[in-house]
Amino acid sequence: MNLLLQLTTATVLIIQYARAGYLDEARKLKSPVPKLVSGGEDEDSAFWEVNEELLSNAWKEYPKKHSNLYTIEGIESHLNKDIISKWNAKDEDAIWKHIIQSTGIDGVYKIRLFEDSFGEELISELNHLRDSGIPIRRPNGMNRFGVILEDVGLGKGIRHVVQKYLSPLAQMVFTEFIVGSDVEDQFSFTIRYKDGEDVSLAPHTDASSFTVNLCLGLSFEGGDVTFYGDGSPKTVTSVPGVALLHRGMLRHSASPLTSGERHNLVIWVFGKDGYVRVAPYPPEQQSTHLSRWQHFDAPQYQSQEL
């Protein structure tokens, strides 16, 4: 009887949502009030789990402003054209020479992953989503004003970029520490810094094998990223359109924003079920050119769907 009651209740809810419209029902929800915890704030996960299906359907109903951002083809159209050509050639010498830039910090690199149009359109779309009236879950306890891309339907294209482009790149750059099993999954989210909201980020590490931190814009001063390695802290200036690539275990922070507004896209890449390996691999277990690129031409990466 209990199971029957649960199924009946779920059916009634689905019918109610269908009649009223998922979007209207989602707008009636009130986001949970975060609780202050050590190092940040904690948001009740039960609310998001219970309403996951309703929210997902509501986002599908909500009109899109930049529909190309929701497709693999649309995201690839924003990629740096040099990256596409060098990756198609699988020319690692050319990638090191023309794509990867030094920051002067061991283990931290710069790449121009997307054209400037990507940042402009993504910020515009995020602002459009915030106007929806649908509750938006924060990425984590330290970033209060970001968006989890999978939650709002923007995850497909980024997943594709991670598997097709960033996976071989990370294995090439961090050969001693990253192999194929370390880059099987990802968590992508945005963060926003502005006066009256979050303006800085305390020193921390990421739950990732490697992290891509892309500055999307807008106009701002301050907000540089500081890394804490073996020596004294070293800082990298945040530049719109430029992504920082580093291992998640490398401690880092964001200095206070002094004016303007800054948006970032952060991609944490890790192994299955969140697995993150810290120890280096012995030489015989490290990736090779063949193993890094063997999946690049796989059929799923040539189609428009995953």
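Residues: numbered from 1 along the sequence shown. Keep in mind it's a predicted model, so treat the numbers as computed, not measured.
In this structure, the ring of His128 has its center less than 6.0 angstrom from the ring center of Tyr62. Aromatic rings of Trp268 and Phe210 (six-membered ring for Trp) have centroids beyond the 6.0 Å cut-off, not under it. Aromatic ring centres of Phe227 and His252 lie closer together than 6.0 Å.
Cluster annotation: Met172 and Phe174 are assigned to the same hydrophobic cluster (Ile/Leu/Val/Met/Phe/Trp/Tyr, side-chain heavy-atom contacts under 4.5 Å, transitive). Hydrophobic cluster membership is shared by Val183 and Tyr109, with clusters built from Ile, Leu, Val, Met, Phe, Trp and Tyr side chains linked at under 4.5 angstrom. Val242 and Ile83 are not part of a single hydrophobic cluster, where members link through side-chain heavy atoms under 4.5 Å apart. One hydrophobic cluster, built from ILVMFWY side chains closer than 4.5 Å, holds both Leu214 and Val269. Under the 4.5 Å side-chain heavy-atom criterion for grouping Ile, Leu, Val, Met, Phe, Trp and Tyr, Val152 is connected to Trp48 within one hydrophobic cluster.
Annotation for Ala26 and Pro135: closest pair O-CD, 3.3 Å, computed over non-hydrogen atoms. The nearest pair of heavy atoms linking Phe118 to Ile158 is CZ-CD1, 4.3 Å. Between Phe47 and Pro32, the shortest heavy-atom distance links the atoms CD2-CD, 3.4 Å. Of all heavy-atom pairs spanning Pro139 and Ile148, the tightest one is CA-CG1, 3.7 Å. Contact record, Ile136 with Ser31: N-OG, 4.4 Å, taken as the closest heavy-atom pair. Nearest heavy atoms, Ser200 versus Ala254: CB-O, 3.4 Å.
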- Message: What verdict does the side-chain contact (heavy atoms from CB on, under 4.5 Å) test give for Leu169 and Ile111, after you've listed the backbone C-alpha separation in whole Å, the side-chain angles of each residue and the deciding distance to 0.1 Å?
- Response: CA-CA 11 Å; Leu169 175 67; Ile111 60 171; 3.9 Å; yes
- Query: Can you list the steps and then say if Lys156 with Glu150 is a salt bridge (charged side-chain N to carboxylate O under 4.0 Å, His left out)?
  - Reply: CA-CA 8 Å; Lys156 179 186 291 185; Glu150 291 284 354; over 6 Å; no
- Candidate pair Glu25 and Leu54, rule side-chain contact (heavy atoms from CB on, under 4.5 Å), full reasoning: CA-CA 8 Å; Glu25 291 299 319; Leu54 168 59; 3.9 Å; yes
- Message: Walk me through whether Asp151 and Arg137 qualify under salt bridge (charged side-chain N to carboxylate O under 4.0 Å, His left out).
- Response: CA-CA 8 Å; Asp151 281 3; Arg137 176 167 50 171; 3.0 Å; yes
- Query: Passes side-chain contact (heavy atoms from CB on, under 4.5 Å), Ile191 versus Asp198? Steps please.
  - Reply: CA-CA 9 Å; Ile191 53 180; Asp198 295 331; over 6 Å; no
- Task: Let me see the working for Val162 and Ile267 under side-chain contact (heavy atoms from CB on, under 4.5 Å), right down to the final yes or no.
- Result: CA-CA 9 Å; Val162 168; Ile267 307 172; 3.7 Å; yes
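Annotation: side chain of Val225 is not in contact with side chain of Leu201 (no heavy-atom distance under 4.5 Å). For the pair Lys110 and Leu245, the minimum side-chain heavy-atom distance is 4.5 Å or more. Thr190 is not listed as a side-chain neighbour of Ile123, based on a closest heavy-atom distance of 4.5 Å or more. Counting only heavy atoms from C-beta outward, the side chains of Asp273 and Asp185 never approach each other to under 4.5 Å. Between Thr226 and Pro233 there is a side-chain heavy-atom pair separated by less than 4.5 Å. At a threshold of 4.5 Å between non-hydrogen side-chain atoms, the residues Arg130 and Leu126 count as touching. Annotation: side chain of Leu218 is not in contact with side chain of Arg262 (no heavy-atom distance under 4.5 Å). The shortest side-chain heavy-atom distance between Val212 and Leu244 does not fall under the 4.5 Å cut-off.
Under the 3.5 Å distance criterion, with hydrogens and angles disregarded, no donor-acceptor pair is assigned to the side chains of Ser181 and Tyr275. There is no side-chain donor-acceptor pair under 3.5 Å between His78 and Glu76.
With hydrogens and angles ignored, the 3.5 Å screen pairs no side-chain donor or acceptor of Ser167 with any backbone N or O of Lys164. For the pair His246 (side chain) and Asp106 (backbone), a donor-acceptor distance under 3.5 Å is absent. Of the possible donor and acceptor atoms, none in the side chain of Ser124 sits under 3.5 Å from a partner among the backbone N and O of Glu120. For the pair Asn264 (side chain) and Val266 (backbone), a donor-acceptor distance under 3.5 Å is absent. Side-chain atoms of Asp224 never come within 3.5 Å of backbone atoms of Thr235 as a donor-acceptor pair (strictly under, hydrogens ignored). Under the 3.5 Å distance criterion, the side-chain polar atoms of Ser209 are left unmatched by any main-chain donor or acceptor of Val276. For the pair Ser208 (side chain) and Phe270 (backbone), a donor-acceptor distance under 3.5 Å is absent. For the pair Ser56 (side chain) and Glu53 (backbone), a donor-acceptor distance under 3.5 Å is absent. Without hydrogens or angle criteria, Lys81 side chain to Ser77 main chain gives a donor-acceptor distance under 3.5 Å. Using modelled atom types, one side-chain atom of Arg27 and one backbone atom of Ser132 make a donor-acceptor pair closer than 3.5 Å.
Residues Arg192 and Glu197 are paired through a salt bridge, judged by an N-O separation under 4.0 Å between the basic side chain and the carboxylate. Using a 4.0 Å cut-off between charged side-chain N and carboxylate O, Glu121 and Lys65 make no salt bridge. Salt bridge Arg292/Glu92: present, at least one basic N to carboxylate O contact under 4.0 Å. A salt bridge does not link Asp182 to Arg277: none of the charged side-chain nitrogens sits closer than 4.0 Å to a carboxylate oxygen.
Atom OG1 in Thr205 sits 9.5 Å away from atom CG in Leu250 (nearest 0.5 Å). Between Arg251 atom CZ and Asp206 atom CG the span is 11.0 Å, to the nearest 0.5 Å. With values rounded to the nearest 0.5 angstrom, Leu166 atom CG is found 10.5 Å from His160 atom NE2. The line from CD of Glu115 to CG of Asn80 is 5.5 Å long, rounded to the nearest 0.5 Å. Note that the CZ atom of Arg112 and the CG atom of Leu79 stand 13.5 Å from one another [nearest 0.5 Å]. Atoms OG1 and CD1, from Thr175 and Ile178 in turn, are 9.0 Å apart once rounded to the nearest 0.5 Å.
Figure legend: Lys64 and Tyr70 shown as a cation-pi pair, the cationic atom lying under 6.0 angstrom from the six-membered ring centre and within 45 degrees of its axis. Judged by the 6.0 Å distance and 45° axis criteria, Arg138 is not positioned over the aromatic ring of Phe145.
Aromatic ring pairs are classed by plane angle as parallel below 30°, tilted from 30° to 60° and perpendicular above 60°; the pair Tyr165 and Trp87 is tilted. Using cut-offs of 30° and 60° on the angle between ring planes, the pair Phe187 and Phe189 is tilted.
Taking a 6.0 Å sphere around CG of Asp131, one finds it holds more than 12 heavy atoms contributed by other residues, nucleotides or ligands.
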